[in-house]
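Right, one structure below, let's go through it.
Position 1 is the first residue of the sequence; numbering continues from there. Scope of the values below: all heavy atoms of this structure, side chains included, with no hydrogens, waters or symmetry mates. All values derive from a computational prediction rather than experimental measurement.
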Amino acid sequence: MTVISTDTPAELLVRDALTVLQPGFVGTTAPEWLLRQLAEGLGAVALFARNIESPEQLAALTAQLRAVRSDVLVAADEEGGDVTRLEARGGSSFPGNLALGAVDDVKLTRAVATELGRRLAECGVNLNWAPSADVNSDPDNPVIGVRSFGADPDLVARNTAAYVEGLQSAGVAACVKHFPGHGDTATDSHHALPRIDVDLATLHARELVPFRAALAAGTKVVMSAHILVPALDPDLPATLSAAALTGLLRAPRENGGLGYDGLIVTDGIEMQAIAATYGIERGTVMALAAGADAICVGGGLADEQTVHALRDAIVAAVGSGDLSRERLADAAARVRELAAWAADRRPGAAEGTAPGPASSDGFGSASEVGLEAARRALRVTRAPGFAALDSAPYVAAFTPVANIAVGEDTPWGVAAELERLLAGTETATFRAADAGGPDFLAGVLGAAGGRRIVAVVRDVHRHGWMAEALSGLVAARPDTVVVEMGVPQAPPCGSLHVATHGAARVCGEAAAEAIVTAR
């Protein structure tokens, strides 16, 4: 039976404008305004750590949304590792991309993504803004780092493809990011507009290699980056650039493009790389006109007024001719197509389309696959004569400012896991301001007393204060154990050096085991 819409052209326009938005909200239950917008045509809802307390609560929340709109896309930024929303309060049960890249076993990567996807699907999340397909070619990158599988394009490509396959086998749409590649940047696009000065040949040979692999693996979504790549467009960041989105990502392969026909979503439109220069309303219109199909918003601006402002800007742009009605209709159709795909695969959907039971793909139980991956990712360097810890140590955690994608609230480190193994473990946290004083080293040594010291660092190569503090500590106490939970670039130091390739909870658990057992 054909259903004929009774909406007027004006009502259809408003509905399409709402369909392409992916807004967030505040709270652990859906506010009335959000339910109202869903009823009026809103196509997606974005979830962040502030919206999630437990699997049970999350499942109730997504059921509340679907009671209004059964085919709503529910999106989350669940990368595992350092960037987790499901487990923001306790740390992730899965290592992040860099750890998986360090192992470089595509079966393991696929198994981790499958189990993560299964947990998302059980809670009603059907779109995951992951994985990061960025090649971390600049080790000083302030925003990608451990979120990347590594610095080798081919390694990143095969693990990105495996991750996409695993996630989507669980019925959750994958979203590879940040097109055309955020790995060679020295600026965080949350704060300003990064620039990548490479020629097209380098872009194709490096940044675009993982995206081609992800497209071949069938990724349902690609997320655009707020980065300026003059070789593609000298004036506009990729999110707003028709040359990047339509001329490269959408263009047929025979014409030098990637031939992608799925959904394109923007990175958060309120990030300063867009908002500070163009404003969110103009940025939204420009992104849609350039070829984006959905607008992510809500990490910072999470209210009905923002939804109204973007909806009205889209409608006005169609009226003025700045955005064609056909382009908006095409974008909305892609959102609805993805929503239909996801609805068919939701747990409890028609037989034969919903994801099957959890599978560890030969890596032990599904619930343990994350810990197994974290253990395999460890790189342990022992000095001659090193002795495993057999009594409670003093943990000195050197803590940098977290980037916005990671957030400040998710715990990290090894102290809690060492306390579980060695009761009486004590810990203290030190930041840049603490490490600058002349009495800093004496204070750490005095607090440690006769106990072994475990120094925990994160990207020590990027932070001069941290490197200096660590060097002084190891010189004074050569038996210090060093745990690097970021990108391991500095030479190993200490009596035992453990590189975890990420700061997920399971990475801390694996590191604590290695320190105690000296395996």
Inset, instruction - Show your working on side-chain hydrogen bond (donor to acceptor under 3.5 Å, both in side chains) between Glu87 and Ser93 and close with a plain yes or no. - result: CA-CA 8 Å; Glu87 300 182 279; Ser93 300; 2.7 Å; yes

Inset, instruction - May I ask you to test the Arg85-Asn51 pair for a side-chain heavy-atom distance under 4.5 Å? - result: no

Inset, instruction - For Glu337, look at atom CD and say whether over 12 heavy atoms of other residues, nucleotides or ligands are found less than 6.0 Å away. - result: no

Legend entry - Cationic N near anionic O, under 4.0 Å, Asp261 to Arg334: yes

Inset, instruction - Using side chain to side chain contact (heavy atoms under 4.5 Å, CB included) as the criterion, list what pairs up with Arg158, not counting sequence neighbours. - result: Asp104, Val106, Asp154, Leu155

Inset, instruction - May I ask you to check whether His226 and Gln272 show a side-chain donor-acceptor distance below 3.5 Å? - result: no

Inset, instruction - Work out which heavy atom in Pro210 is nearest to a heavy atom in Val156; give both atom names and the distance. - result: CG-CG1, 3.5 Å

Legend entry - Check: Arg119 and Phe94 side chains under 4.5 Å, non-hydrogen atoms: yes

Legend entry - Flag if over 12 foreign heavy atoms under 6.0 Å of CZ, Arg89: yes

Legend entry - Glu32, CD atom: more than 12 neighbouring heavy atoms under 6.0 Å: no

Inset, instruction - Would you name the heavy atoms of Tyr163 and Asn97 that are closest together and state the gap between them? - result: CE1-OD1, 4.1 Å

Legend entry - Whether Phe179 and Phe211 hold their rings parallel, tilted or perpendicular, with breakpoints at 30° and 60°: perpendicular

Legend entry - Qualifying residue, where the test is side-chain contact (heavy atoms from CB on, under 4.5 Å) with Ile314 and the options are Leu13, Asp16, Leu21, Val14: Leu21

Legend entry - Donor-acceptor side-chain pairing of Glu79 and Ser132 below 3.5 angstrom: no

Inset, instruction - Return yes if a side-chain donor-acceptor contact under 3.5 Å exists between Arg458 and Thr399, otherwise no. - result: no

